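Before any comments, here is the structure.
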Amino acid sequence: MKLAKTLYENKTRWALLEGDTACFLIGDPYESIEKSGESAPIAACKLLAPCDASKVVAIGKNYYDHAIEFGEAVPETPTIFIKPNTSIIADGEPVVYPPISKRVDFECEIAFVIKKRASHVKAADAKDYILGYTCLNDVTARDIQKSDAQWARGKGFDTFCPIGPILTDEIDPYAGIRVQTILNGEVKQDGNTKNMMWSIYELVEFITECMTLLPGDVVTTGTPVNVGPMLPGDTVTVRVEGIGDLVNPIVKAE
Ligand code: MG
């Protein structure tokens, strides 16, 4: 099943994607997925960020190779942080380079969207709580992240959370999924989920032991090695095998 949140004829609607067609749903896809009978070509729809997030819960250092990239110790438990929902943008929308940063990095990640209220969920049950998987760029002002004890500022600027373009449940998170960043056509990061220290279902258990995840919330699962900088004028692509390409230009603040 592939889902998108679309803007078509000035209306925001969730849709089930069938071939080249967006079949609009009645309401949102969290409780149940029911087609309205209306449809449009996908190409005629603007694809919005495929979530309704009250928060984006992110994992720091979940790939062994990235965890040691900055010469720091490998964590014994996942490091979690929150990106505000005001940082979310869709495929195609610009990432705005903050004037107060001198180093803004890409981080390609596989993310997932929560289907139903999740509290104290065991890893064995986690699959039932995941609506679908998508691409996410955990854009980071690295200089600000390093200067602050907390990561909220370095990770939380407006436009620092591109998500999309679609959701799919047609991938197996344990199969070993390729996750890449391509900057201006050049591959910069080329990782695989088999190198994660904590699996996607284990992360659901770890996070929901602490906080409730709501329908539409986003969890992003960490980035592999070789994070690096972007500049205004660049185009960044996060490509996740089996999902697609999330493409965003970087622009100067006005
Ligand atoms: Mg990250």
Side-chain angles (χ1 to χ4, degrees), residues 49 51 53 55-75 77-89 91 95 97-98 101 103-114 133-164 173 177-183 187-200 202-204 206-207 211 213 217-230 234 236-241 243 246 248 250:
C51 61
K55 56 190 170 296
V56 177
V57 182
I59 314 300
K61 304 177 186 170
N62 192 25
Y63 288 77
Y64 181 75
D65 47 8
H66 173 60
I68 59 173
E69 188 170 21
F70 298 127
E72 293 164 14
V74 175
T77 54
T79 299
I80 74 172
F81 60 96
I82 288 179
K83 288 171 87 80
N85 59 7
T86 43
S87 64
I88 293 171
I89 59 171
D91 178 47
V95 173
Y97 201 104
S101 175
R103 168 82 190 230
V104 174
D105 282 3
F106 48 76
E107 293 191 0
C108 60
E109 307 197 359
I110 180 171
F112 56 90
V113 172
I114 293 295
Y133 297 90
T134 193
C135 314
L136 189 145
N137 193 341
D138 176 19
V139 179
T140 302
R142 194 71 68 199
D143 49 352
I144 293 173
Q145 181 195 22
K146 288 185 175 177
S147 73
D148 291 5
Q150 302 281 326
W151 296 358
R153 206 164 61 108
K155 298 279 194 178
F157 284 90
D158 290 352
T159 74
F160 269 27
C161 193
I163 303 179
I177 298 160
R178 196 173 188 188
V179 181
Q180 296 172 290
T181 298
I182 298 135
L183 189 70
V187 175
K188 295 288 189 180
Q189 289 183 281
D190 193 357
N192 192 293
T193 58
K194 65 175 190 264
N195 295 319
M196 284 181 172
M197 291 186 280
W198 294 282
S199 74
I200 281 171
E202 286 169 336
L203 292 174
V204 171
F206 184 79
I207 295 164
M211 67 185 77
L213 294 171
D217 277 353
V218 175
V219 177
T220 190
T221 61
T223 197
V225 73
N226 292 329
V227 298
M230 307 182 286
D234 288 345
V236 64
T237 300
V238 171
R239 178 173 294 162
V240 181
E241 184 182 1
I243 299 174
L246 168 67
N248 298 91
I250 316 304

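Atoms within each ligand, like the ligands themselves, are counted from 1 in listed order. As the structure is a computational prediction, the values presented were derived from the model and not from experiment.
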Name of the [X] N, O or S atom nearest the Mg ion (ligand 1)?
X: D138; answer: OD2
X: E109; answer: OE2
X: E107; answer: OE1

Item to complete: To the nearest 0.5 Å, tell me how far L213 CG sits from K55 NZ.
Response: 5.5 Å

Worksheet item: How long is the gap from CD1 on I88 to CD1 on I163, to the nearest 0.5 Å?
Response: 4.0 Å

Practice prompt. Apply the side chain to side chain contact (heavy atoms under 4.5 Å, CB included) test between I144 and each candidate in K155, R153, R103; give the one that qualifies.
Written response: R153

Item to complete: Check whether the side chains of T220 and D138 place a donor and an acceptor atom closer than 3.5 Å, and report yes or no.
Response: no

